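Any value given below was found using the heavy atoms of this structure, including those in side chains, with hydrogens, waters and symmetry copies removed. Counting begins at 1 with the first residue of the sequence. This one's a predicted model, so the numbers in the text were calculated from it and none came from an experiment.
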Amino acid sequence: FYMKAKKLYTGITLMEKKFKKNQTYFYLKTPNISIIIAAIKKKFLVVSQKRIPINKITYEFPGGIIDKGSTPIGSAKAELFEETGYECKNIPKKIGAIYPDPGRLDCKYICYFTNKIKKINLPEKGIRLHLLSKSQIIKLIDKKKFSHACHVYAFFLYLSKIDKFN
């Protein structure tokens, strides 16, 4: 077999892989992502921002690319601070990981939880902060406003393991 790679952008590469006799498979090689669910008492820290590809404001948990040289936990803590202005005051607990589209992407999302945060700064420009209850998030999911599949996965996985985190 052989593989060709075409760099599309920093961290994004189109992979062409030959397999079987004369078939070709294409997929994107992209960076892994960390997301963090942060709780204050019985509320969750959620961000909303406009997402250009779908031209809508979406609600989600803080998260972002795990940069080269960073760890998934380090990235989760950094994204929490950059996006919200809140600092994580402990080592976040890993909830789980998921491949968002294993047929098209090679990346995975690594999901964390913390309930030890402190407001230090203002949120990133263009991001609004919300403290939402479990039922408010479920309503937003139902209305397709909290619609990032990996964040929905992380939330329900957290809820299924809640006793381990409190």
- Query: What residues, two or more places apart in sequence or in another chain, satisfy side chain to side chain donor-acceptor pair (under 3.5 Å) together with Lys29?
  - Reply: Asp106

- Same cluster (ILVMFWY, side-chain, under 4.5 Å), Leu8 and Leu105: yes

- Grab the two heavy atoms, one from Gly126 and one from Gln49, that are nearest each other, plus how far apart they are. O-CB, 3.7 Å

- Nearest 0.5 Å please: distance from the CD1 atom of Ile120 over to the OG1 atom of Thr84. 10.0 Å

- Correct closest heavy-atom pair for Asn90 and Lys116 would be ND2-CG, 3.5 Å

- Query: When clusters are formed by joining ILVMFWY residues with side-chain heavy atoms under 4.5 Å apart, either directly or through shared neighbours, do Phe156 and Val46 land in the same one?
  - Reply: yes

- Any side-chain heavy atom of Ile65 sitting closer than 4.5 Å to one from Ile33? yes

- Note on the structure: Between the CD1 atom in Ile141 and the NE2 atom in His151, the distance rounded to the nearest 0.5 Å is 11.5 Å

- Determine yes or no for a side-chain-to-main-chain donor-acceptor pair under 3.5 angstrom, with Ser160 supplying the side chain and Leu157 the backbone. yes

- Message: I'd like to check Lys6 versus Lys4 (side-chain heavy atoms, cut-off strictly below 4.5 Å). Are they in contact?
- Response: no

- Correct closest heavy-atom pair for Tyr27 and Met3 would be OH-SD, 3.7 Å

- Any link between Val152 and Tyr99 through a network of hydrophobic side chains (Ile, Leu, Val, Met, Phe, Trp, Tyr) touching at under 4.5 Å? no

- Note on the structure: Smallest heavy-atom separation, Ala97 atom then Lys108 atom, equals CB-CD, 4.5 Å

- State plainly whether one hydrophobic cluster holds both Leu28 and Tyr9, where clusters connect Ile, Leu, Val, Met, Phe, Trp and Tyr through side-chain heavy atoms under 4.5 angstrom apart. yes

- Task: State, to 0.1 Å, how close Cys107 and Pro31 come at their nearest heavy-atom pair, and which atoms those are.
- Result: CB-O, 3.3 Å

- Message: Please tell me whether Thr24 and Lys18 have a donor and an acceptor in their side chains that are separated by less than 3.5 angstrom.
- Response: yes

- Message: Rounded to the nearest 0.5 Å, what separates atom NZ in Lys161 from atom NZ in Lys94?
- Response: 9.0 Å

- Message: With ring-ring contact (aromatic ring centres under 6.0 Å, His included) as the criterion, how do Phe146 and Phe61 come out once you've worked through the C-alpha distance, each side chain's angles and the decisive distance to 0.1 Å?
- Response: CA-CA 9 Å; Phe146 194 113; Phe61 298 111; 5.2 Å; yes

- Message: Test of understanding: with side chain to side chain donor-acceptor pair (under 3.5 Å), list the residues that count as partners of Ser133, not counting sequence neighbours.
- Response: Ser135, Gln136

- Atom pair CG/OG1 of Asp101 and Thr30 - distance to nearest 0.5 Å: 10.0 Å

- Task: Any chance you could pull the hydrophobic cluster mates of Leu45, using side-chain heavy atoms under 4.5 angstrom and chaining through other members?
- Result: Ile36, Ile40, Val47, Ile66, Ile73, Leu80, Tyr86, Ile91, Ile110, Tyr112, Ile117, Ile127, Leu129, Leu131

- Query: What class does the angle between the rings of Tyr25 and Phe19 fall in, given that below 30° is parallel, 30 to 60° is tilted and above 60° is perpendicular?
  - Reply: perpendicular

- Under the side-chain contact (heavy atoms from CB on, under 4.5 Å) criterion, do Phe155 and Ile138 qualify, and how do the steps go? CA-CA 9 Å; Phe155 184 62; Ile138 291 170; 4.1 Å; yes

- Message: I need the Glu87 CD to Phe81 CZ distance, nearest 0.5 Å.
- Response: 6.5 Å

- Query: Which pairs, with at least one residue in residues 53-73 and sequence neighbours excluded, count as a salt bridge (Lys or Arg N to Asp or Glu O under 4.0 Å)?
  - Reply: Arg51-Glu60

- Between Tyr153 and Ile162, is there a shared hydrophobic cluster once you connect ILVMFWY residues whose side-chain heavy atoms come closer than 4.5 Å? yes

- Query: Among all residues two or more places apart in sequence or in another chain, which pass the side chain to side chain donor-acceptor pair (under 3.5 Å) test with Asn22?
  - Reply: none

- Task: If a pair satisfies side-chain hydrogen bond (donor to acceptor under 3.5 Å, both in side chains) and one of its residues is in residues 139-148, list it, with sequence neighbours excluded.
- Result: Tyr109-His148

- Query: Using a distance-only test with no angle check, is there a side-chain donor-acceptor pair under 3.5 angstrom linking Asn55 and Lys50?
  - Reply: yes

- What pair of heavy atoms forms the shortest contact from Ala154 to Ile37, and how long is it? O-CD1, 3.6 Å

- Once you round to the nearest 0.5 Å, how far does CG of Leu140 lie from NE2 of His130? 8.5 Å

